[in-house]
Amino acid sequence: MADVAQIDMALVARRPLSNRWVQRRAPMGTFWQHPSGVRVCSSLDVADLPDGSGEVGPQWHISISQRSNRRPTDGVVAFALKAFDLVGAEEDNHHPGVARHFFLVCDPQRRVDCECKTTETVETDADGYRWTNPTDETEGRGCEFEVLAQQLALKPRPCPIHSRTSSAEPGR
């Protein structure tokens with residue numbers, strides 16, 4: 001496992017290349033908003049590398065959403081990735097939320113597709129949004145996300161898996 005203390009501390013979260021973005025602080029990174037309504041949360045994460053090696057390393061991570069509480073279109077995503085100089089980052093969504101998540105391992109030699117796409121179930125929502133879910137859990141990330149949204153007083157979205165397959169209360 002890599003020594004976290006050896007990670008290059010000169011690395012920072014990505015910032016937009018244009019000055020049209022307004023910066024706001026957020027608990028898990030820096031939040032940026034464009035006048036068009038595009039929102040980006042940018043962070044530098046030290047996390048498991050996507051190759052399944054068990055090692056950790058720095059990765060740029062941006063979450064892209066829209067002011068209208070809709071998932072961003074491919075065009076909006078392309079705009080944001082270009083604005084943050086992350087064209088080529090891997091989309092890797094681990095829950096059925098509104099934001100689309102993109103990761104780029106800082107070390108170019110360690111960049112591979114995330115192993116979760118082969119070791120977990122890939123769910124596809126009606127609008128084409130794809131996210132991974134552990135295959136061995138009864139309550140997956142959709143249920144967790146529904147509960148978290150309720151705790152944060154956000155408009156909860158029913159778990160897309162359990163609301164499709166059960167007439168019981170979604171996410172239970």
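Here the structure is a predicted model, which is why all the values come from computation and not from measurement.
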Next on the checklist: Would you say that Q59 contacts C106 through its side chain, given a criterion of any heavy-atom pair below 4.5 Å between the two side chains?
Outcome noted: no
Next on the checklist: Do T30 and Q23 make a side-chain contact, defined as non-hydrogen atoms from C-beta onward lying under 4.5 Å apart?
Outcome noted: yes
Item to check | L104/R111 under side chain to side chain contact (heavy atoms under 4.5 Å, CB included): CA gap, chis, key distance, verdict | outcome: CA-CA 7 Å; L104 187 64; R111 293 180 186 162; 3.6 Å; yes
Checklist entry - Going hydrophobic residue to hydrophobic residue with side-chain gaps under 4.5 angstrom, can you get from V40 over to L44? => result yes
Checklist entry - Heavy-atom distance under 4.5 Å between the side chains of F84 and S42, does that happen here? => result yes
Item to check | Distance-only donor-acceptor check, side chains S53 and R110, under 3.5 Å | outcome: yes
Item to check | Partner residues of R100 under the salt bridge (Lys or Arg N to Asp or Glu O under 4.0 Å) criterion, sequence neighbours left out | outcome: D74, E91
Checklist entry - Does the R130 side chain pair with the main chain of T124, one donor and one acceptor, at a distance under 3.5 Å? => result no
Next on the checklist: What I'd like to find out is whether the side chain of D85 reaches to under 4.5 Å of the side chain of L17, using heavy atoms alone.
Outcome noted: yes
Checklist entry - So do the side chains of V38 and W32 get within less than 4.5 Å of each other, counting heavy atoms only? => result no
Checklist entry - To the nearest 0.5 Å, how far apart are NE2 in H94 and CD in E123? => result 13.0 Å
Checklist entry - With no hydrogens and no angle check, do the side chains of D92 and W131 hold a donor and an acceptor under 3.5 Å apart? => result no
Next on the checklist: Distance to the ring centre below 6.0 angstrom and angle to the axis at most 45 degrees; does that hold for R71 and Y129?
Outcome noted: yes
Checklist entry - Quick one: does S18's side chain have a donor or acceptor within less than 3.5 Å of a partner on R20's backbone? => result yes
Next on the checklist: Once rounded to the nearest 0.5 Å, what's the spacing between atom OG1 of T73 and atom CD of Q66?
Outcome noted: 6.0 Å
Checklist entry - Tell me, do V122 and E120 make a side-chain contact under 4.5 Å, heavy atoms counted? => result no
Next on the checklist: To the nearest 0.5 Å, what is the distance between CG on L49 and CZ on F103?
Outcome noted: 12.0 Å
Next on the checklist: Could you go through H61 and H101, starting from their C-alpha distance and side-chain angles, then the distance that decides it, and tell me whether this counts as ring-ring contact (aromatic ring centres under 6.0 Å, His included)?
Outcome noted: CA-CA 7 Å; H61 173 199; H101 301 270; 5.4 Å; yes
Checklist entry - CD1 of I62 to CG of L81: how many Å apart, nearest 0.5 Å? => result 5.0 Å
Checklist entry - Passes ring-ring contact (aromatic ring centres under 6.0 Å, His included), W21 versus F31? Steps please. => result CA-CA 10 Å; W21 295 77; F31 174 76; 9.5 Å; no
Item to check | Short side-chain to backbone donor-acceptor contact, D107 and Q109, under 3.5 Å | outcome: yes
Checklist entry - How many angstroms lie between OG in S65 and CD in Q33, if you round to the nearest 0.5 Å? => result 8.5 Å
Checklist entry - Are the side chains of W60 and L86 in touch, meaning some heavy atoms are under 4.5 Å apart? => result yes
